[in-house]
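Only heavy atoms go into these numbers, but all of them, side chains included; no hydrogens, no water, no symmetry mates.
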Amino acid sequence: MANLTQGIRPQPYGQGGRKVFLPVKAGAQIYEGGLVSQPGGACAPTTAGGDSTGAIGIAEHDALGGATDGATRLSVWTDREFIFNPGLNPPTDATPYGTVLYAEDDHTVGIVNVGNALPMAGRFVGIEDDGRVRVFVGWVALLTGAL
């Protein structure tokens, strides 16, 4: 799978959540609607491999990191359900509510962490009629057993 190469409209589900403004990692290209991690304290796209930590939210707009960490800031929508594309190992209706989902890239999720190389995307909260996946994304989802 490959990360976004252009922004996509975020697809929130339900109500709630919050928006926070965070520093962007130097040189990182983040696109609107993509999952965002915060490795080393600055935002970067959530991606397989690399230095991604678990997803903390969704980018509300495109952002290109400046010459140093924090030279640019990003509005991150967090602690809310969002709809994502299903990955190579998608959840099904039989997947238990709250199951950890993994980011195959910054807009695609699955239930299998191949080789322990995938960062956590969030917690499973349902499937849309068209097969897309509802995921609770935020720092709360990163806590073991929390939802």
Close side-chain approach of Ile111 to Pro91, heavy-atom, < 4.5 Å: yes
Non-hydrogen side-chain atoms of Arg132 and Asn85 separated by less than 4.5 Å: yes
Donor-acceptor under 3.5 Å (Gln38 side chain, Gly41 main chain): yes
Under 3.5 Å donor-acceptor, Thr99 side chain and Pro96 backbone: yes
Minimum heavy-atom distance Ala71-Gly66, with the two atoms named: CB-CA, 4.0 Å
Exam field: side chain Ser37 to backbone Pro39, donor-acceptor pair closer than 3.5 Å: no
Smallest separation among heavy atoms of Ala28 and Cys43, with atom names: CB-O, 4.1 Å
Approximate separation, where rounding is to 0.5 Å, of Ile56 CD1 and Asp79 CG: 9.5 Å
CZ on Phe136 to CG on Leu101, rounded to 0.5 Å: 13.0 Å
Hydrophobic cluster identity match, Trp77 and Val109, side-chain contacts under 4.5 Å: yes
Straight-line distance of Asn113 CG to Leu118 CG, nearest 0.5 Å: 4.5 Å
Cluster check Ile8, Ile58: I/L/V/M/F/W/Y, side chain < 4.5 angstrom: no
Main-chain N/O of Gly87 paired to Thr108 side chain as donor or acceptor, under 3.5 Å: no
Side chain to side chain contact (heavy atoms under 4.5 Å, CB included) between Arg73 and Val24, worked out: CA-CA 5 Å; Arg73 294 185 76 77; Val24 176; 5.7 Å; no
Interatomic spacing from CE in Met120 to CG in Leu35 - rounded to 0.5 Å: 11.0 Å
Backbone of Thr46 reached by a side-chain donor or acceptor of Asp106 within 3.5 Å: no
Where Ala59 and Ile30 come nearest, the two heavy atoms and their spacing: CB-CG2, 3.6 Å
Any donor-acceptor N/O pair, Asp62 side chain to Glu32 backbone, under 3.5 Å: yes
Student check: side-chain heavy atoms of Ile127 and Asp93 closer than 4.5 Å: yes
Whether His61 side chain and Ser75 backbone form a donor-acceptor pair below 3.5 Å: yes
Criterion salt bridge (Lys or Arg N to Asp or Glu O under 4.0 Å) against Glu60, the qualifying member of Arg18, Arg80, Arg9, Lys19: Lys19
Spacing of Ile83 atom CD1 and Asp130 atom CG [to the nearest 0.5 Å]: 8.0 Å
Shortest non-hydrogen contact between Thr78 and Gly138, atoms and distance: OG1-CA, 3.3 Å
Path from Val133 to Val112 over hydrophobic side-chain contacts below 4.5 Å: yes
Minimum-distance pair of heavy atoms, taken over all atoms of Lys25 and Ala44: CD-CB, 4.2 Å
Separation between OG1 of Thr5 and OH of Tyr31, rounded to the nearest 0.5 Å: 6.5 Å
Cluster overlap Val135 with Tyr13, hydrophobic side-chain contacts below 4.5 Å: no
Side chain to side chain, Tyr97 and Val125, heavy atoms closer than 4.5 Å: yes
Test item: Leu22 and Leu74 side chains (from C-beta on) under 4.5 Å apart, heavy atoms: no
Atom of Pro86, atom of Gly131 and distance for their closest heavy-atom approach: CG-O, 3.6 Å
